[in-house]
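Just below is one structure, and these are the notes that go with it.
Order of listing sets the numbers, starting from 1, for every ligand and every atom in it.
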Amino acid sequence: MHKQTENSKDGEKQKLTAKEILKEQWFLTTLCFHAAPRGMAFHIFESVKLQVSIFFEFIWMINYTLGIAERGGPWKQFFWCMVLFMAAVFVSTVSFAYYKQSALPRMTPVLHQAFRMHIYERTKNLDLACYDDTEFYQKFILAAEESDSCIDRYLETLEIYCSGITTFVLSLGFCLAMNPLILLVTAGNLFLSLWIAGRENRLQIASRMERLPYEQKREYQNRVFYLSDYAKDLRLYPGMQEKCSQDFNESQKEIRRIHRTYGKKLFVYGSIREAAGTVYLEQVLSWSLLLYQVLVLHTLTYAAMLSSLKASSYVSESTKAMIAGWKKAAENAAYVKRIQSLTDMAPSVISKKNLPASSHPAAFDLRHVTFSYQPGKPVLHDISLHIGAKQKIALVGYNGSGKTTLVKLLLRLYDPDSGSICCNGTDIRDFAVESYRHSIGSVFQDFKIYAASLKENVLLDISRHTKQESYDVEKALFDAHFTLQDHRLRYQIETPLTTEFEKDGVNLSGGEMQKVAIARTLYRRQNLIIMDEPSSALDPLAEYELNQELNEIAQDQTVVFISHRLSTTRDADCIYMMEQGRIIEAGTHEKLLAAGGKYAGMWKVQAGLYLDS
Ligand code: ADP
């Protein structure tokens with residue numbers, strides 16, 4: 001897992017080649033044209049048309065009308081030219097306004113959506129292991145957050161190139177025809193600007209790289225302030241709020257310091273570019289040359305002088321714009337490449353095969369299973385155990401002993417480093433992973449309630465909305481001891497949960513949410529049910545009753561329970577006591593108590609606590 005990540009890290013340090021930049025632009029072009037073909041064609045048309053009209057308005061018209069004035073006529077030609085010109089400007093302005101105010105705002109969300117879907121499609125099946133890899137996870141978050149700006153940048157770049165190429169070709173052609181000499185001054189100015197831009201670019205990249213960790217920290221601290229997940233904690237522990245604002249200010253201070261350091265150098269380069277390039281070369285030298293041609297050599301008319309001066313400045317401006325656009329294109333290409341490579345760099349620990357999952361109640365055999373999240377730090381050591389079909393198994397032990405990790409392996413959220421897990425005699429790695437996972441129902445401690453209706457929270461599927469489904473959902477909720485006769489549930493199972501988007505949404509208590517999570521597994525009636533601390537938010541009596549009920553309902557299913565409260569697991573067919581990633585005791589409750597080992601010790605402590613309370 002880590003080798004792959006390091007490789008890709010090295011890969012990212014390499015600069016993208018022109019071919020790679022073009023390839024990623026091509027990818028964005030096909031994606032956007034596919035999503036909004038007419039809008040994109042309009043975008044290109046408007047970018048080109050604008051520059052054509054600017055060329056006619058500011059270069060060709062100056063040359064033509066001044067030429068007529070210098071020659072003293074014919075005025076009728078001038079009049080008709082003006083009429084035509086004004087009509088063309090009117091049509092062009094109206095179409096541009098329509099494009100900017102209506103077509104572009106309608107097209108942009110379609111493109112954002114298309115790109116987001118592309119990212120989603122590429123990443124939706126990433127292994128859970130990816131989320132354990134901090135570097136990968138950070139890149140993933142950044143990629144997802146930046147997707148809209150990537151499309152905006154692409155549209156901008158496309159516009160820059162369409163207009164740049166149009167202006168460059170028209171203005172260069174005009175200069176070559178009217179006054180090629182002026183292009184020498186333009187070339188000098190361009191050379192100087194590019195040299196300085198290269199240096200500025202390097203400084204800006206260095207500044208950005210130095211700012212990046214502080215900007216990421218600042219973003220995180222910002223999120224802590226506005227996300228509701230932290231709101232309760234921050235109010236209860238104002239010290240943490242204090243720390244966050246301090247950290248935020250520290251990050252801001254560092255970012256300002258970096259801006260100051262690089263700002264000084266950028267200021268020097270900027271001044272040289274403006275003074276030497278724009279003022280001395282472009283204006284003083286150009287004007288001198290042109291006046292010399294007009295007044296001394298008499299090779300140029302005033303009309304040709306003014307229009308060629310304008311055209312030469314357009315040649316240089318459009319070249320500079322395209323070079324700046326290349327920087328944007330490169331930035332975008334790096335971003336797109338990062339998205340594409342996310343799935344390649346994703347640590348793929350889940351092998352993909354095609355056998356359909358077994359439809360019989362699951363029986364499991366774990367043989368010498370070892371697993372580690374990070375290389376060299378195993379959290380499960382040589383686990384061997386048998387779970388019979390329809391058996392009720394309990395995994396117990398103190399925090400961090402590896403219980404949840406073991407059930408994650410059963411669910412194939414991870415594959416073991418060594419050893420094997422067989423379900424009904426078949427190695428679970430041979431099953432198609434989606435169908436296998438689908439055959440298991442699970443409730444974890446960190447289950448999530450979604451901002452959707454109660455029914456959708458049980459179904460976890462928005463496509464199924466039949467009457468039968470509603471009945472089954474109600475039954476699953478009933479079996480999970482969730483009471484629908486609550487005045488807050490005004491729309492029964494259609495009641496929206498959470499107040500995130502719905503004013504009359506309902507925020508459930510911890511215990512109620514847990515019951516909804518349990519109802520999810522009861523609804524599906526899968527071959528194996530995994531309950532990781534399913535009832536920790538319930539009071540002991542409610543928990544006891546629910547467990548009795550679950551044992552009843554899941555008679556024909558295999559159940560693996562994890563619980564801290566040994567009272568909930570005492571009826572299990574077999575209890576496995578875990579410690580530091582190993583199974584240290586196994587047997588029925590009575591057998592383990594009689595053995596007087598660690599389980600018996602834990603039981604005595606808990607029984608004592610209950611008696612005391
Ligand atoms: P339990 O369920 O018994 O409390 P877990 O299986 O959650 O224990 O954790 C076992 C060990 O694995 C702990 O040391 C925990 O810190 C570590 N661990 C759990 N999840 C991860 C993860 N995603 N990445 C790295 N280590 C983890």
Contact table ligand 1 N or O to protein N or O, d under 3.5 Å:
residue	atom	partner	partner atom	Å
ligand 1	2 (O)	T404	N	2.9
ligand 1	2 (O)	T404	OG1	2.6
ligand 1	3 (O)	S401	N	3.1
ligand 1	3 (O)	S401	OG	3.3
ligand 1	3 (O)	G402	N	3.0
ligand 1	3 (O)	K403	N	3.0
ligand 1	3 (O)	K403	NZ	2.9
ligand 1	4 (O)	G400	N	2.8
ligand 1	6 (O)	T405	N	2.9
ligand 1	6 (O)	T405	OG1	2.5
ligand 1	8 (O)	G402	N	3.3
ligand 1	23 (N)	D132	OD1	2.9

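The closest donor-acceptor contact from the side chain of T558 to the backbone of K390 lies under 3.5 Å. Under the 3.5 Å distance criterion, the side-chain polar atoms of K598 are left unmatched by any main-chain donor or acceptor of E585.
Between Y599 and W603, the ring-plane angle classifies as parallel under the 30° and 60° cut-offs.
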Could you go step by step and tell me if R488 and E512 meet the salt bridge (Lys or Arg N to Asp or Glu O under 4.0 Å) rule?
-> CA-CA 13 Å; R488 292 173 307 159; E512 287 167 328; 2.9 Å; yes
If you look only at distance, which donor and acceptor atoms sit under 3.5 Å apart when one is on a side chain in residues 212-220 and the other is two or more places apart or in another chain?
residue	atom	partner	partner atom	Å
E215	OE2	R211	NE	3.0
R218	NH1	Q252	OE1	2.7

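Side chain to side chain, E20 and T17 meet the donor-acceptor criterion of an N or O pair below 3.5 Å.
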